[in-house]
Structures are given as C-alpha cells and as structure tokens.
Protein chains: 2
Amino acid sequence: MDNDRTDTKLVDVARLAGCSPATVSRVLNNNPKVDVKVRDRVVKAAAQLGYVPNGSARALRSTKTRTVGAIIPTLDHAIYATMVNSLQARLSEKDVSVIINTSMYDIDIEFEQAKLLVERGVESVVLVGSVHRPETLAMLEQRNIAYVFTYTSLATDIGAAIGFDNVKAGAMAARYLVDLGHTQLGMIAGITENNDRASARRDGFLGELKRQGLANDNITVTESAYKIEGGRDSMRKLMTGPNPPSAVFCGSDIIAAGAIKYCHAEGIRVPEDVSVFGFDNLEIAELTHPELTTIEVPARDMGTIAAEYLLATPLQRQHMRQRELSLKLVVRASTAPRKPIEAQRCSFS
Amino acid sequence: MDNDRTDTKLVDVARLAGCSPATVSRVLNNNPKVDVKVRDRVVKAAAQLGYVPNGSARALRSTKTRTVGAIIPTLDHAIYATMVNSLQARLSEKDVSVIINTSMYDIDIEFEQAKLLVERGVESVVLVGSVHRPETLAMLEQRNIAYVFTYTSLATDIGAAIGFDNVKAGAMAARYLVDLGHTQLGMIAGITENNDRASARRDGFLGELKRQGLANDNITVTESAYKIEGGRDSMRKLMTGPNPPSAVFCGSDIIAAGAIKYCHAEGIRVPEDVSVFGFDNLEIAELTHPELTTIEVPARDMGTIAAEYLLATPLQRQHMRQRELSLKLVVRASTAPRKPIEAQRCSFS
DNA sequence: CTGTTAGCGCGTTCAC
DNA sequence: GTGAACGCGCTAACAG
C-alpha cells in the first residue's frame with residue numbers, strides 16, 4: 001500500500017558512473033572481469049545514490065530469490081523458536097532471508113502456508129517432523145524446491161532429515177526408568193494427533209517397556225498440551241487413577257514442570273514418591289524443584305545444520321541428506337530408584 | 001541453486017481457459033468485474049495446471065510484495081518469540097509474509113538486516129525499542145517503508161510505537177517495593193547497552209526511588225545477560241557486596257529465577273530475607289520457589305496490534321500511531337514487606 | 001466486461 | 001573488458 005518509486009535504479013548508477021547498466025550489474029554480482037577503476041566508480045556511485053537493488057526484479061530475471069521458508073508449529077515453544085533462531089542466524093550470514101510461518105500443528109494450514117511460500121519463490125523449505133500432506137511434498141518436489149525435515153531422522157526420497165530418532169528417545173527414557181526399578185509407569189505425552197514426534201516418543205517408550213517385560217496394565221498414558229496447566233491436570237489424572245505410577249515420562253519439560261507442581265500441591269514427594277522425567281532440556285529444567293531429569297534435544301544444532309544443508313550445493317547435499325543427531329540423557333534430581341537399586345547412567349544412540 | 005522453469009505461467013492458464021492473460025490476472029486479483037463463467041473457467045484451468053503465480057513478477061509489476069520484515073534481538077527469549085508468533089499469525093490471515101531477522105541486540109547488525117529487507121521489498125518493518133541507527137530509519141523513511149517500534153511507547157514523527165512505557169514499568173516496581181517498606185534496594189538490569197527498554201526500566205526504577213526519598217547509597221545496580229546463570233552471579237554480587245539489599249528488581253523473570261536460585265543455594269530465604277521482583281511474566285514465573293511477583297508484558301498483544309497497524313490503510317493508521325498498552329503488576333510470593341507493613345496491590349498506568 | 005499494448009528493473013546473452 | 005538488446009512473468013493503462 002506504499003512505496004513510491006522515487007527509488008534510484010541500476011540505470012541511474014550506470015549514468016553516474018559513466019558506464020553501461022550491464023557493467024553495474026556485473027559489479028553488483030561480483031563478476032571478476034570488471035576493471036578495478038570502473039568497479040570503484042560504480043561502487044562509489046551506488047553508495048552516493050543510496051542505491052538498493054530491486055530484489056523482485058533480480059529474482060524475476062535470475063530465478064534466484066535467496067529466500068527460504070520455515071513452517072513450524074509455533075514460536076511459543078522455545079524448542080522451535082531456538083531452532084529458527086539458529087537457522088536464521090546461519091542463513092543470514094549468506095544473505096539468505098527466512099520467511100517464517102506457523103502451522104499450529106495443523107498440516108492443512110501447513111499446506112496453505114507452503115503454497116504461499118512457493119508463490120514467494122522460496123528456494124527451499126524447512127519443515128518440522130515427517131508427517132505432512134502428500135500435496136505439500138508433491139508441490140515442493142514438482143517445483144524443485146528442496147525441503148528438510150527437522151526434529152526427525154526420517155528422510156524421504158527427496159527431502160532431507162536433520163534431527164533425532166524420537167522412538168529411540170522414548171525408549172531411552174523407558175529404559176532409564178526401568179533400570180531404576182520402576183514397574184508402574186505413566187506417560188504424559190504431548191498432543192499426538194498430527195504430531196509424529198510426540199507419537200513416536202510415546203511408541204518408543206511403550207515399545208521399550210514391553211520389551212522389558214512390562215504388561216500394559218502397569219502403564220497409563222495421557223496427553224496434554226505443552227503447558228504447565230496441562231501437565232498439572234494430567235498428573236492429577238495419573239496419580240488419582242486406578243494405578244498410580246511410581247515414575248512418569250513427560251513429553252516436554254513444560255509438562256513435567258506442571259506435573260511436579262501438582263505433586264507439590266498434593267504433598268507428593270518427587271522423586272521419593274514418584275519420579276518425573278522430562279523432555280527437551282529447556283532452561284526451565286533447572287528451575288523445577290527438584291531439577292528435572294530430561295533428554296536434551298539439539299534444537300540449536302538442528303537449525304544450524306539445516307541451514308548448512310540448504311546452503312550446500314546439490315552435490316554436497318547428497319552426503320547430508322540424513323543426519324541423526326545424538327540425544328543426551330541429562331540426569332538431575334527428579335528421578336530416583338523405586339527400590340534400592342542403584343541408579344545408573346545410561347547412554348543410547 | 002534450483003528451480004527449473006517447468007512451471008506453468010499465467011499465459012498457459014489463459015490459453016487453457018480461452019481468454020486473455022489480462023483476464024486471468026483479474027481473476028487472480030479478485031477483480032469483481034469479470035464474468036462468472038469466465039472466472040470459473042479460469043479458476044478451473046489454474047487448478048488443473050497447478051498454477052502458482054510468480055510472486056517476483058507480481059511484485060515487480062505492481063510494486064506490492066505483501067511482505068513485512070521483523071528485526072528482533074533474538075528468538076531465544078520467549079518475550080520476542082511470542083510477539084513474532086502473534087504478529088505472524090495475524091498477518092498470515094491476510095496473506096502477508098513475515099521475514100524474520102535477529103540482530104543480537106546490535107544496532108549495526110540491525111542496519112544490515114534492514115538493508116536486506118529493503119532489497120527484498122518489504123512494505124513495512126517491525127522493530128524492537130526506540131533506539132536505532134539514524135541511517136536505518138532514514139533509509140526506511142526515504143523508501144516510504146512504514147515502520148513500527150514495539151516494546152516501547154515512544155513513536156517518531158513517522159514511525160508508530162506499540163508497546164508500553166518502560167520508565168513507568170521501572171517506577172511501578174520501585175513503588176511497590178518501597179510501599180512494602182524496603183529501603184535497601186538492588187537492581188539486576190538486563191544489558192542496557194543499546195537496549196533502551198532495559199535502561200528505561202532502570203531509570204524509571206531509580207527515578208522513583210529518588211522521588212521516594214531514597215539515597216543513592218541505598219541502591220545498587222548491576223547488569224546481567226538474560227540467563228539464569230547471569231541472574232545467579234549478579235545476585236551473588238549484590239548479596240555479598242557492601243550493602244546487601246532487602247529487595248531486588250530484576251530486568252527479566254529469567255534473571256529473577258537465577259537470583260532466587262542463588263538464594264536457595266546460599267540459604268537466603270525469599271521473600272523473608274530478600275524480596276525478588278521479576279519482569280515479563282513468562283511461564284517460568286510460576287516455576288520458581290516462591291513464585292515470582294512480576295510485571296506482565298503484553299507480548300502477544302503487541303504482535304497482534306502491530307499486525308493490525310500494518311494491515312491498516314495510511315488513513316486508518318493515523319489513529320493507531322501511538323499505542324501505550326497498560327502494564328499489569330502480578331503479585332505472587334517472591335516479595336514481602338520488610339517490616340510489618342501491609343503489602344498492598346498497586347496499579348499504575 | 002474484455003483484449004491489447006507496454007513496460008516494471010534487472011541479468012544475460014551476444015557482439016565488439 | 002564492455003555495451004546493446006532482449007525478455008523474465010506479470011499487471012496497469014487504455015481501448016473497445
């Protein structure tokens with residue numbers, strides 16, 4: 001709704017520098033075969049006029065936008081915000097811009113956003129998880145737009161994956177808790193609908209428990225939004241239900257913080273009466289009482305590595321298409337042995 | 001580095017629909033004076049071909065990009081991530097894209113990012129705070145790019161401001177603490193260099209204390225990064241210094257959380273021995289022990305209202321140029337009277 | 001209501 | 001090493 005065209009354009013620079021537009025263009029694009037003197041004149045002229053190239057025109061002419069899109073569930077969860085932060089930081093060093101979109105965990109909205117991004121001419125797209133509408137991926141593939149999944153290690157034939165194995169993550173938590181002697185377990189998963197990461201962690205957790213010989217009767221699973229409130233409510237359900245667990249695996253540190261809050265309010269001791277295990281290793285993991293045992297998600301690294309992938313040439317990319325980052329179990333004070341069995345550090349993956 | 005041009009373009013749609021490119025363009029732009037039948041044919045043809053308009057060409061021709069830029073210090077702080085989240089959510093409803101940039105609290109980097117945004121053709125820019133390089137604002141003004149400051153209520157002649165009064169915020173905290181009878185005060189400000197919000201809060205805090213008759217000797221000010229660690233270290237400095245305060249105002253809840261952690265470790269009771277006052281009212285304010293008394297920053301509202309401003313017409317904007325949102329004092333358990341004076345709810349602005 | 005004409009600002013051939 | 005000419009895909013004017 002704005003933008004007068006009082007702007008100086010490339011021709012104006014050319015005129016002032018006493019050369020042709022083509023030469024100015026060459027200087028702008030760092031074409032080495034331009035005489036140093038001429039180059040200097042051009043640079044000076046551009047500066048003097050406060051010339052800023054018109055990105056739309058460049059993009060139209062060169063079919064290069066130096067723009068990537070990122071579609072994440074929300075920026076209100078630190079785990080995604082941090083990823084985008086490092087993604088943008090790295091891309092920005094190479095003058096690549098990031099258009100950010102939030103899907104609110106809805107793959108239909110994600111598809112709409114993806115369409116808009118295609119229209120904007122993004123050269124690649126960063127997605128979260130590996131569950132998307134087939135149309136979304138088909139559209140990107142048809143236009144030859146590279147895409148990367150994050151927070152998962154499951155790539156497609158065409159798209160890369162930079163993340164970790166959520167199934168392993170769930171199993172890691174299960175094994176740690178079982179090793180501590182717990183036999184009555186609970187899980188407060190995040191919302192698993194349309195969230196393959198959350199459901200994979202749940203499946204990994206349950207799968208490992210089964211492998212360890214635990215019966216379904218000994219396990220209760222609930223779901224909660226990624227909010228303190230949700231964690232608190234879910235914990236209440238678990239602890240006042242038929243089979244109160246002695247250890248609970250939460251789909252996020254936020255949920256775990258809520259769970260611990262509930263215990264406090266009810267006089268349930270953590271970890272003496274119940275162990276609480278988080279996920280993400282957010283800053284808040286050090287703020288709960290006791291501090292949270294959790295699994296660290298490499299959010300920052302995922303952003304940086306995804307950026308690296310997108311900056312790479314198609315050839316280089318082939319070796320970067322699937323990157324499984326390792327998960328770190330961070331043992332703090334919210335978990336303890338059920339019976340006098342020695343807690344032991346466990347390291348997977 | 002990608003993007004083959006196998007893409008179908010507007011002419012192709014026109015051909016298939018049996019009409020001129022201009023008509024297709026009209027349909028695309030919801031120009032009402034197109035016959036319904038023709039419109040239908042065009043829509044069908046476009047769908048059949050999987051046509052996606054070329055944003056660069058549209059932008060070049062129409063000098064409209066439907067794109068806004070946001071330059072914030074970092075996405076790693078929830079207060080900014082939340083603002084961007086709601087900004088994007090609202091703009092997205094109108095098919096306006098957001099290019100996100102982080103300046104790491106550096107106004108020189110901010111300037112560089114702004115240049116890139118101008119080159120990308122953004123129609124407006126969202127900035128944080130009111131301190132920027134003059135070149136940055138001059139550039140935007142010269143190009144007729146609208147800009148909005150957030151987290152501040154200080155507008156310029158040309159740019160709008162949507163936020164709150166940081167001086168008042170500081171004063172609000174000061175008054176609350178003084179009303180509780182505290183006379184020996186500390187402040188852990190955020191980093192104030194290049195951060196007008198942090199320094200305004202500090203100035204507001206100190207100003208109000210002076211107004212209340214407190215001498216400088218009774219006040220100690222330190223600075224800390226927005227990290228738990230930083231809060232802890234600064235609190236140590238304060239409490240082991242010459243004049244240990246009985247109440248401390250922190251520039252952020254994160255810092256306050258660190259301060260409380262230090263107290264825990266040292267056996268200093270909060271709020272009996274020292275009151276701790278936060279800022280932001282992040283989710284973590286309910287996770288500290290005791291829970292934090294703090295001032296709520298309307299991050300979400302700022303994003304939404306900034307979006308509303310940018311979506312408005314120039315005419316409408318005139319009434320929206322300066323928007324001071326009110327601040328809410330959230331009293332929890334981390335503050336208490338120094339002496340037996342009754343605590344009282346205080347509400348400014 | 002619809003088609004025709006003419007560029008938007010730039011980068012890329014080609015010649016020279 | 002440099003310039004001239006063309007056109008990227010689309011929409012704004014203008015006719016009709």
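Owing to the predicted nature of the structure, the values given are computational and were not obtained by experimental measurement.
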Check the distance between [N]'s [atom2] and [X]'s [atom1] and give it to me in whole angstrom.
| X | N | atom1 | atom2 | value |
| --- | --- | --- | --- | --- |
| Arg15(B) | dG3(C) | CZ | P | 14 Å |
| Lys64(A) | dG11(C) | NZ | C1' | 11 Å |
| Arg143(A) | dG9(D) | CZ | P | 12 Å |
| Asn29(A) | dT13(C) | CG | C1' | 15 Å |
| Arg39(A) | dG1(D) | CZ | P | 11 Å |
| Lys37(B) | dT2(C) | NZ | P | 10 Å |
| Leu60(B) | dA12(D) | CG | C1' | 13 Å |
| Leu28(A) | dC10(C) | CG | P | 8 Å |

Just compare [options] and give me whichever is closest to any side-chain atom of [X].
| X | options | answer |
| --- | --- | --- |
| Arg26(B) | dT2(C), dG9(D), dC10(C) | dT2(C) |
| Val38(B) | dT11(D), dT2(C), dT12(C) | dT2(C) |
| Ser20(A) | dC10(D), dG3(C), dA4(D) | dA4(D) |
| Arg61(A) | dG7(D), dG9(D), dC1(C) | dG7(D) |
| Lys9(A) | dC10(C), dG9(D), dT2(C) | dC10(C) |

Any [X] side-chain N or O less than 4.0 Å from OP1/OP2 of [N]:
| X | N | answer |
| --- | --- | --- |
| Arg58(B) | dT11(D) | yes |
| Lys33(A) | dG1(D) | no |
| Asn54(B) | dC8(D) | no |
| Thr23(B) | dG3(C) | yes |
| Tyr51(A) | dC10(C) | yes |

| Is atom CD of Glu193(A) surrounded by more than 12 heavy atoms (other residues, nucleotides or ligands) closer than 6.0 Å? | no
| query | Around Arg323(A), counting heavy atoms of other residues, nucleotides and ligands shown, do more than 12 lie under 6.0 Å from its CZ? | reply |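 Open: at most 12 neighbouring heavy atoms sit under 6.0 Å from CZ of Arg323(A).
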| said: Base, sugar-phosphate or nothing for Pro53(B)? Non-hydrogen atoms, less than 4.0 Å. | reply: sugar-phosphate
| said: Just to be sure I understand the rule, does Leu10(A) reach a base, reach only the sugar-phosphate, or reach nothing, if contact means heavy atoms closer than 4.0 Å? | reply: sugar-phosphate
| Charged N to carboxylate O below 4.0 Å: is that the case for Arg90(A) and Glu308(A)? | yes
| query | Is it true that Asp12(B) and Arg15(B) make a salt bridge, defined as a side-chain N closer than 4.0 Å to a carboxylate O? | reply |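 Salt bridge flag = yes for Arg15(B) with Asp12(B).
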| Aromatic contact, Phe149(B) with Tyr151(B) (centres under 6.0 Å) | no
